[in-house]
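Throughout, a chain's letter reflects where its sequence line sits, starting with A, and its residues are numbered from 1.
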2 protein chains.
Amino acid sequence: MSASQEVAAPQADPVCTDKLPSAARGGPVGHAISRVARLHRTTAAKLLRGAGLYPGQEFVMMHLWDRGPVRQSDLIKAVELDPSTITKMLQRLEQSGHVTRSPDPKDRRAVLVEATEKSCGLLDEVTLVWAGLEEHALAGLSQAERTQLVALLSRVEANLCTETGGCPAPGS
Amino acid sequence: MSASQEVAAPQADPVCTDKLPSAARGGPVGHAISRVARLHRTTAAKLLRGAGLYPGQEFVMMHLWDRGPVRQSDLIKAVELDPSTITKMLQRLEQSGHVTRSPDPKDRRAVLVEATEKSCGLLDEVTLVWAGLEEHALAGLSQAERTQLVALLSRVEANLCTETGGCPAPGS
DNA sequence: GAGATTACCTTGGTCGACCAAGGAATGGTT
DNA sequence: AACCATTCCTTGGTCGACCAAGGTAATCTC
């Protein structure tokens, strides 16, 4: 019983010696968040499809719809995405006619972004889709549970921001 | 005062007539989930980087580490991803030496996937990274809060699965 | 057994998201 | 005025994730 050569012949030959049954140990919250987020995104994708938007673009459009023309850098700060992501997304949104980009006369480095009139037709649809999705996702949860869910998520978000130095100041 | 030409000159000219102040109406949970998930993923990415893995690959590797050689289709069901996603991910994982693929002798359509010995060195590192990330994300949350968070997320997940017909049976 | 159906995987395409690097204009220092 | 640092955006690359379509092999049906 000293040598670990015969490991009781595991049916599936776990390759890496023995080790723990990882499935359980893998952070349950991390897994849950990943799965829920992916599900949420793909459902949003299907719903948004009819509107001609890809998932992720809604956030940008929403910001433009109620902020009017903004500098691209403001947009970046608002949605907290990588600048290059925004650049490319805007190029596509411009090509599909949802957005207009023009150089800022006051700062020749900057670019002003604005939702086109055509895109305004989507506002209602997108709003509806999001409301429906939210309700679908939260079906059966009491108001208290909903607020607690967002509270917990906010705390997790705050945690993930600290120390990594990847987030803007939580205050403003 | 009939023509709507002078719209009282809004400072930021919100383009789409008036409408509501969307920021508030956009589903709070949906937003929260998106942001948290992105944050979680990018932090994981940074941590996993040292191990030579890209975010998302960990799930696949974990499954392989404790299941041994599996058919690709099983892997697909386990991680609930699109087949093509798995195919491409495995091609990269094979090229980077973390995984081995071989035709299944019992079914010539199928492919058997297995973690390489080299990859076993990563098991500990990945486990540590995930444990640390989980703790970092949940810092300050009581045990009760943690379990409730996963409970709430599970319910949301279940909700998102139903009706859309995009999920496997929740039972098995 | 022949034919249709299903299961398994691949390829090609598009997008979002990131990093790394770089070009241009602005702003502050000396 | 000259220089350096910062800000703003772009390009090029890689990956994960999806959809649509296809090609081969098993399986079911008649």
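Donor-acceptor pairing under 3.5 Å, judged by distance alone, is absent between the side chain of B:Arg109 and the base of D:dT24. If you check distances only, the side chain of B:Arg108 never reaches the base of D:dA25 with a donor-acceptor pair under 3.5 Å. Side-chain to base pairing of B:Ser73 with C:dC9: no donor and acceptor N or O lie closer than 3.5 Å to each other. No hydrogens or angles were tested; on distance alone, nothing pairs the side chain of A:Ser84 with the base of D:dC9 as donor and acceptor under 3.5 Å.
Using a 4.0 Å cut-off between charged side-chain N and carboxylate O, A:Arg71 and A:Asp107 make a salt bridge. Salt-bridge check for A:Arg146 with A:Glu135: passed, with a basic side-chain N closer than 4.0 Å to an acidic carboxylate O.
As a whole-Å value, the separation of B:Tyr54 OH from D:dG13 P is 15 Å. C:dT10 atom P lies 8 Å from atom CG of B:Leu90, rounded to whole Å. Distance CG (A:Leu39) to C1' (D:dC18): 13 Å, rounded to an integer number of Å. Here D:dT7 presents its C1' atom at 16 Å from CG of A:Leu75, a figure rounded to the nearest Å. Distance B:Lys88 NZ to C:dT10 C1': 9 Å, rounded to the nearest Å. In this structure, B:Leu47 places its CG atom 16 Å from P of C:dC18, rounding to the nearest Å. Atom-to-atom, CD1 of B:Ile86 to C1' of D:dA17 comes out at 10 Å; the value is rounded to the nearest Å. Here the P atom of nucleotide D:dA17 and the CD atom of B:Glu80 are 12 Å apart, to the nearest Å.
Stem list for DNA chain C (at least 3 consecutive Watson-Crick or G-U pairs, distances under 3.5 Å): C:1-22 with D:9-30, C:24-30 with D:1-7.
Side-chain contact check for A:Leu75 versus A:Leu90: some heavy-atom pair is nearer than 4.5 Å.
Applying the 4.0 Å criterion to OP1 and OP2 of D:dC8, one finds that A:Arg71 has a side-chain N or O inside that range. The side chain of B:Arg41 contributes no N or O atom lying less than 4.0 Å from OP1 or OP2 of C:dG16. The side chain of A:Gln91 contributes an N or O atom lying less than 4.0 Å from OP1 or OP2 of D:dT11. The shortest distance between the side-chain N/O atoms of A:Gln72 and the OP1/OP2 oxygens of D:dT7 is not below 4.0 Å. OP1 or OP2 of D:dC15 has not a single side-chain nitrogen or oxygen of B:Gln57 nearer than 4.0 Å. Under 4.0 angstrom from either OP1 or OP2 of D:dT10 there lies at least one side-chain N or O belonging to A:Arg101.
Position along DNA chain D of the nearest nucleotide to B:Arg92 versus A:Pro83 favours A:Pro83 as the more 5'-ward residue. Nucleotides of DNA chain D nearest to A:Arg49 and A:Leu112 differ in position, and the one nearer the 5' end is that of A:Leu112. Toward the 5′ end of DNA chain C lies the nearest nucleotide of A:Met89, the other residue of the pair A:Lys106 and A:Met89 mapping further downstream.
Listed nucleotides: D:dT10, C:dC19, D:dC18. Nearest to the side chain of A:Asp82: C:dC19.
Judged by distance alone, with hydrogens and angles left aside, the side-chain atoms of B:His136 form no donor-acceptor pair with the main-chain N or O of A:Leu160 at under 3.5 Å. Remark: the backbone N or O of A:Gly140 is paired with a side-chain donor or acceptor of B:Arg155 at under 3.5 angstrom. Put simply, the side chain of B:Glu134 gets close to the backbone of A:Val29: a donor and an acceptor are under 3.5 Å apart. At distances below 3.5 Å, at least one donor-acceptor pair connects side-chain atoms of A:Arg38 with backbone N or O atoms of B:Glu80. For the pair A:Gln57 (side chain) and A:Met89 (backbone), a donor-acceptor distance under 3.5 Å is absent. Judged by distance alone, the side chain of B:Arg41 and the main-chain N or O of B:Pro55 form a donor-acceptor pair under 3.5 Å.
Contact annotation for B:Leu81: backbone-only contact, meaning every heavy-atom pair under 4.0 Å involves sugar-phosphate atoms and none involves a base. Residue B:Thr85 is classed as a base contact, given a heavy-atom separation below 4.0 Å to a base. A:Glu58 comes within contact range of no nucleotide atom at all, as no heavy-atom separation falls under 4.0 Å.
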